[in-house]
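Written out below as structure tokens is the structure these notes cover.
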Amino acid sequence: MSTNHKPEVLDKGMVRRALERYYIRNTFDKNCTKLESGVCLLVEGEEEHLALSLEENYCWKLKELMGDYHKYRQNDLVVDDEDYLEDLIGIFEEKAIDILEFDCGHFDIADGLHRLCIASKSEVPVYATYREQCKICPACVSIEQRAEVDYKSHLL
């Protein structure tokens, strides 16, 4: 997904609300240590992280990349490897997190659940685009449709 503008940093309250009210559950992939083992290594702390290389722990690696992207946006990142910088921009701008907030209070998050989760459990900021939708989410539409069918069946 490509956006026409750079994503902006989200405040922690928005991050928490988006994760709590995300209308599709259980969509984290196999890289989530919390879902795989029941232990979130970001919450558990630095000691557990030190036993793993960054390649073994997706969340810590992504957290490091998020920190570098934040430094880049603040003009504080110094890199010798231009390919690294291109990859970093590609990850965080070309594949930006796109958050939609529906009238029902639910959220849809396109890409970036891990980044939002990491931001909610650490000091590293997360960048995303945010839009409000003037309609209810698909889950609530489905509930309304089922309720309407149930209501009509009681009338028969």
Side-chain angles (χ1 to χ4, degrees), residues 1-140:
M1 178 182 100
S2 180
T3 57
N4 295 333
H5 57 280
K6 285 186 177 183
E8 296 300 323
V9 70
L10 292 179
D11 67 66
K12 295 294 183 182
M14 172 59 77
V15 170
R16 279 189 299 279
R17 274 194 3 254
L19 287 171
E20 289 169 1
R21 301 286 297 159
Y22 182 53
Y23 77 88
I24 300 173
R25 293 287 172 216
N26 300 320
T27 56
F28 280 99
D29 65 29
K30 62 182 176 18
N31 293 319
C32 181
T33 57
K34 174 73 173 175
L35 290 180
E36 276 192 2
S37 67
V39 176
C40 176
L41 296 177
L42 288 174
V43 172
E44 293 301 313
E46 198 75 26
E47 307 79 40
E48 286 79 6
H49 162 62
L50 293 175
L52 301 172
S53 71
L54 285 178
E55 289 74 33
E56 291 175 308
N57 189 328
Y58 178 81
C59 295
W60 280 92
K61 183 176 182 179
L62 188 53
K63 180 182 174 197
E64 183 177 272
L65 291 171
M66 290 169 66
D68 282 353
Y69 180 71
H70 180 64
K71 289 177 192 171
Y72 162 75
R73 289 290 300 266
Q74 304 297 313
N75 294 318
D76 288 337
L77 182 65
V78 177
V79 292
D80 296 328
D81 184 357
E82 287 299 315
D83 290 337
Y84 176 76
L85 186 57
E86 281 182 33
D87 290 345
L88 195 65
I89 292 168
I91 291 168
F92 295 102
E93 291 180 14
E94 293 173 21
K95 297 177 184 172
I97 302 169
D98 188 25
I99 298 175
L100 302 175
E101 183 174 7
F102 293 94
D103 281 346
C104 58
H106 290 125
F107 289 80
D108 184 19
I109 303 166
D111 201 10
L113 284 171
H114 275 99
R115 287 179 264 172
L116 289 172
C117 184
I118 290 166
S120 74
K121 296 175 181 173
S122 70
E123 75 289 345
V124 71
V126 65
Y127 290 79
T129 59
Y130 168 82
R131 295 178 284 144
E132 291 180 351
Q133 291 288 91
C134 296
K135 59 183 181 182
I136 62 174
C137 75
C140 288

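The main-chain N or O of Ala119 is found under 3.5 Å from a side-chain atom of Lys12 such that the two form a donor-acceptor pair. With hydrogens and angles ignored, the 3.5 Å screen pairs a side-chain donor or acceptor of Arg21 with a backbone N or O of Gly105. Not one N or O on the side chain of Thr129 forms a donor-acceptor pair closer than 3.5 Å with the backbone of Ala96.
Rounding to the nearest 0.5 Å gives a distance of 11.0 Å between SG of Cys104 and NZ of Lys135. Interatomic distance, CD1 of Ile99 versus CE of Met14, reported as 6.5 Å (0.5 Å rounding). Note that OH of Tyr130 is 9.5 Å distant from CG of Leu100, once rounded to the nearest 0.5 Å. Rounding to the nearest 0.5 Å gives a distance of 8.5 Å between CG of Leu113 and SG of Cys117.
Using a 4.5 Å cut-off on side-chain heavy atoms (C-beta onward), Glu20 and Phe107 make no contact. Side-chain contact check for Arg115 versus Leu62: some heavy-atom pair is nearer than 4.5 Å. Residues Cys134 and Phe102 have side chains not in contact (no heavy-atom distance under 4.5 Å, counting atoms from C-beta outward).
Scored by the side-chain hydrogen bond (donor to acceptor under 3.5 Å, both in side chains) test, Tyr127 finds His70 as partners (sequence neighbours excluded). For Ile91, the side chain to side chain contact (heavy atoms under 4.5 Å, CB included) partners are Leu65, not counting sequence neighbours.
Listed here is the closest heavy atom pair of Ala128 and Leu10: CB-CD1, 3.7 Å. Here the closest non-hydrogen pair linking Gly67 and Val124 is N-CG2, 3.5 Å. Nearest heavy-atom pair across Ile118 and Ser122 is O-OG, 2.7 Å.
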If you look only at distance, which donor and acceptor atoms sit under 3.5 Å apart when one is on a side chain in residues 77-85 and the other is two or more places apart or in another chain?
| residue | atom | partner | partner atom | Å |
| --- | --- | --- | --- | --- |
| Asp81 | OD1 | Asp83 | N | 3.0 |
| Asp81 | OD1 | Tyr84 | N | 3.4 |
| Tyr84 | OH | Asp68 | OD2 | 2.4 |

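A side-chain contact (heavy atoms from CB on, under 4.5 Å) with Tyr69 is found for one member of Met66, Arg73, Lys71 and no other, namely Arg73.
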Just do the side-chain contact (heavy atoms from CB on, under 4.5 Å) check on Val9 and Val126 with the steps written out, would you? CA-CA 6 Å; Val9 70; Val126 65; over 6 Å; no

Before giving the answer on side-chain contact (heavy atoms from CB on, under 4.5 Å), spell out for Asp11 and Val15 the whole-Å C-alpha distance, their side-chain angles and the decisive distance to 0.1 Å. CA-CA 7 Å; Asp11 67 66; Val15 170; over 6 Å; no

Taking it one step at a time, do Trp60 and Lys63 satisfy side-chain contact (heavy atoms from CB on, under 4.5 Å)? CA-CA 5 Å; Trp60 280 92; Lys63 180 182 174 197; 3.8 Å; yes

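With respect to the salt-bridge test (charged N to carboxylate O, under 4.0 angstrom), the residues Asp98 and Arg131 qualify.
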